[in-house]
Amino acid sequence: MTGAYRHVRNPMYLAVLGIILGQSLLFGSWGLVAYAVTVLVAVVAFVKGYEEPTLTETYGRQYLNYRRNVPGWWPRVTPWRG
């Protein structure tokens, strides 16, 4: 693994959520906060229901080892060097 994926398994999804939440702060919009929550629920459902099972089936132990060492949603402070 390289880059952001050594710290967290879903950096692109987190970036999108960060952008939406940043816009909510910029515009003072609770509607955007509600939208961010909706996006979060949809993304987590997709990751848990499709992405993780597919990656486990495709890469097996290698992906399971990665999953054990790199959190999905809260970034590690130090990069994983697996």
Side-chain angles (χ1 to χ4, degrees):
M1 280 298 124
T2 60
Y5 289 92
R6 295 182 308 162
H7 295 272
V8 66
R9 290 193 318 264
N10 301 301
M12 291 192 296
Y13 298 138
L14 289 175
V16 169
L17 289 166
I19 290 168
I20 296 169
L21 290 173
Q23 289 174 335
S24 74
L25 287 172
L26 182 66
F27 299 122
S29 171
W30 285 104
L32 283 171
V33 173
Y35 177 62
V37 170
T38 303
V39 170
L40 176 63
V41 169
V43 166
V44 169
F46 172 74
V47 167
K48 295 293 182 188
Y50 174 76
E51 192 171 86
E52 288 181 351
T54 301
L55 289 170
T56 300
E57 185 178 318
T58 303
Y59 298 103
R61 284 182 181 220
Q62 186 179 5
Y63 179 68
L64 292 174
N65 185 39
Y66 174 63
R67 253 182 95 177
R68 266 191 305 278
N69 289 285
V70 179
W73 303 103
W74 195 260
R76 293 170 51 109
V77 175
T78 58
W80 181 59
R81 303 190 192 281

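Numbers for residues simply follow the sequence, beginning at 1.
The line from OH of Y35 to CG of L40 is 12.5 Å long, rounded to the nearest 0.5 Å. Note: Y63 OH to E57 CD = 13.0 Å, rounded to the nearest 0.5 Å. Considering CD of E51 and OG1 of T56, their distance stands at 10.5 Å, rounded to 0.5 Å. For the atom pair L26 CG and L21 CG, the distance stands at 12.5 Å (nearest 0.5 Å). To the nearest 0.5 Å, atoms CG (L64) and CG (N69) are separated by 11.0 Å.
Ring orientation note: the planes of Y13 and F46 are nearly perpendicular, at an angle over 60° on the 30°/60° scale.
No chain of hydrophobic side-chain contacts below 4.5 Å, direct or via other Ile, Leu, Val, Met, Phe, Trp or Tyr residues, connects I19 to V16. Following chains of ILVMFWY side-chain contacts shorter than 4.5 Å, one can reach V8 starting from L17, so the two form part of one hydrophobic cluster. Y66 and M12 fall within the same hydrophobic cluster, defined by Ile, Leu, Val, Met, Phe, Trp and Tyr side-chain heavy atoms under 4.5 Å apart, directly or through other members. Side-chain heavy atoms closer than 4.5 Å link hydrophobic residues (I, L, V, M, F, W, Y) into clusters, and following such links, even through other members, never connects W73 to V37. W80 and L14 are members of different hydrophobic clusters when ILVMFWY side chains are connected at heavy-atom separations under 4.5 Å.
Side-chain atoms of R76 never come within 3.5 Å of backbone atoms of P71 as a donor-acceptor pair (strictly under, hydrogens ignored). Looking at R9, its side chain does come within 3.5 Å of a backbone N or O of V70 through a donor-acceptor pair. Within the 3.5 Å criterion, the main-chain N or O of G72 finds a donor-acceptor partner in the side chain of N10.
Shortest non-hydrogen contact noted between P79 and H7 is N-CE1, 3.5 Å.
More than 12 heavy atoms of other residues, nucleotides or ligands lie within 6.0 Å of CD in Q23, so this atom counts as buried by the packing criterion.
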